[in-house]
Amino acid sequence: MSFTRCTTCARRCGADRTRETAKPGCRVGRLARVADMSPGRLVFAGCSLACLFCPTPVANRDGVGRAVDAAQLAAILADQQAAGIGRLDLVHPAHVAEQLLEALDLLPGLTMRLAWVSTAFDGPEALAALAGRIASFRPEIKFGCDRTARQLAGINGYVAASRAAVAAMLDQVGPMAPSDPDQGVLVRHRVLPDGLAATRAALGWLPAGVFVQILDDYQPAHRAGQHAGLRRPASAHEVAEARAIVRDLGLTEWPEKKPANRKAGGPKAVIP
């Protein structure tokens with residue numbers, strides 16, 4: 001990894017993040033940016049993907065957030081621990097792995113568990129450098145088809161990269177168990193309308209023993225109206241099909257259930 005020729009995430013854009021004129025794919029330069037923060041949750045601005053349906057484009061696509069150096073980021077982590085937080089979710093961290101490592105090096109006494117909540121487009125070098133630092137990984141495998149990933153998220157090679165990333169996570173900490181949701185790997189998968197997430201292909205390679213959390217909360221946002229298939233939420237039937245695929249693959253759905261955000265009769269919102 002290098003700030004001057006970035007290969008931190010799987011996009012491997014090669015940008016010089018030390019130059020203000022550089023335009024890395026994540027929209028974030030040398031300093032990490034914090035988009036949102038609450039007890040137990042730290043959300044970073046910027047994202048390696050460019051999803052048409054991004055629910056938070058100002059932070060993710062525009063990279064809007066408070067710039068923090070290593071000392072400031074370390075102070076944020078230390079404050080969370082001092083407040084009694086047992087697990088801190090690091091959301092959208094793939095492109096700021098180096099900045100996080102700098103901060104963690106300043107905190108040898110950190111005992112709070114860290115959870116890596118990513119789009120599964122994590123770089124292999126970053127994951128290797130994080131070994132022993134992250135207690136749990138919660139990657140969201142978004143697509144099972146590279147062509148769809150290019151169309152909807154503007155990236156190449158998503159399928160192979162996401163599989164390699166999740167495999168590396170499993171090698172580090174193993175699968176998560178419901179008895180200890182702060183340790184191990186929990187794979188998440190959001191159901192998109194019209195089968196755009198290609199659920200069977202996205203999850204079919206996972207080894208036995210891996211729990212899968214089906215996310216049923218897709219809502220059209222950002223530029224979703226540019227693609228006909230993204231203009232409505234996934235139907236209750238489509239969500240049920242995804243859950244059936246999980247069972248058919250011999251995988252187990254994570255027992256936590258989110259309340260459904262749709263009526264059984266069909267979608268409740270449409271983007272024209």
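Hydrogens, waters and symmetry mates play no part in the numbers below; they use all other heavy atoms, side chains included. Residue numbers count from 1 along this sequence.
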Determine whether a donor-acceptor pair (N or O, by modelled atom type, separation under 3.5 Å) exists between the side chain of [X] and the backbone of [Y].
X: H222; Y: A224; result: no
X: R33; Y: A67; result: no
X: H95; Y: A45; result: yes
X: H189; Y: I214; result: no
X: Y218; Y: R232; result: no
X: D216; Y: V239; result: no
X: R12; Y: C6; result: no
X: Q80; Y: S38; result: yes

Using a 4.5 Å cut-off on heavy atoms from C-beta on, say whether the side chain of [Y] contacts that of [X].
X: D180; Y: R113; answer: yes
X: P139; Y: V185; answer: yes
X: V96; Y: T8; answer: no
X: P181; Y: W254; answer: yes
X: V91; Y: L42; answer: no

### Query
Is a side-chain donor-acceptor pair under 3.5 Å present for H92 with S118?
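Distance-only check fails for S118 and H92.
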
Going by an N to O cut-off under 4.0 Å, is there a salt bridge joining [X] and [Y]?
X: R11; Y: D122; value: no
X: E140; Y: R190; value: yes
X: R30; Y: D69; value: no

Determine whether [X] and [Y] fall in the same hydrophobic cluster, where Ile, Leu, Val, Met, Phe, Trp and Tyr are linked whenever their side-chain heavy atoms lie under 4.5 Å apart.
X: V187; Y: I245; value: yes
X: M37; Y: V64; value: no
X: L203; Y: F137; value: yes
X: M169; Y: L88; value: yes
X: L101; Y: L31; value: no

#### Entry: Derivation of the side-chain hydrogen bond (donor to acceptor under 3.5 Å, both in side chains) call for T7 and E125
CA-CA 8 Å; T7 59; E125 297 171 359; 3.1 Å; yes

What's the spacing between [X] [atom1] and [Y] [atom2] if we round to 0.5 Å?
X: Y158; Y: S48; atom1: OH; atom2: OG; result: 10.5 Å
X: Q151; Y: L230; atom1: CD; atom2: CG; result: 10.0 Å
X: Q226; Y: L152; atom1: CD; atom2: CG; result: 11.0 Å
X: L107; Y: E102; atom1: CG; atom2: CD; result: 12.5 Å
X: L114; Y: L130; atom1: CG; atom2: CG; result: 9.5 Å
X: R247; Y: R243; atom1: CZ; atom2: CZ; result: 9.0 Å

### side-chain contact (heavy atoms from CB on, under 4.5 Å) evaluation trace for Q99 with R17
CA-CA 12 Å; Q99 291 93 329; R17 295 173 68 176; 3.4 Å; yes

### Task
Determine, step by step, whether F211 and M176 satisfy the side-chain contact (heavy atoms from CB on, under 4.5 Å) criterion, reporting the C-alpha distance in whole Å, the side-chain angles of both residues, the deciding distance to 0.1 Å, and the verdict.
CA-CA 7 Å; F211 278 89; M176 186 179 292; 5.9 Å; no

#### Entry: Criterion side-chain contact (heavy atoms from CB on, under 4.5 Å) on N60 and R27, from CA distance to verdict
CA-CA 8 Å; N60 288 6; R27 303 298 191 271; over 6 Å; no

Of all the heavy-atom pairs spanning [X] and [Y], show the shortest one and how long it is.
X: L100; Y: P93; value: CD1-CB, 4.0 Å
X: P175; Y: V210; value: CB-CA, 4.3 Å
X: I134; Y: V173; value: O-CG1, 3.6 Å
X: F121; Y: G157; value: CE1-O, 4.3 Å
X: V28; Y: A32; value: CG1-CA, 4.3 Å
X: P233; Y: E238; value: O-OE1, 4.4 Å

### Task
Check the pair R188, V117 against side-chain contact (heavy atoms from CB on, under 4.5 Å), reporting the backbone distance first and the verdict last.
CA-CA 10 Å; R188 300 173 303 138; V117 185; 3.3 Å; yes

### Message
A quick test of your reading: do over 12 heavy atoms of other residues, nucleotides or ligands sit less than 6.0 Å from CZ of R41?
### Response
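No.
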
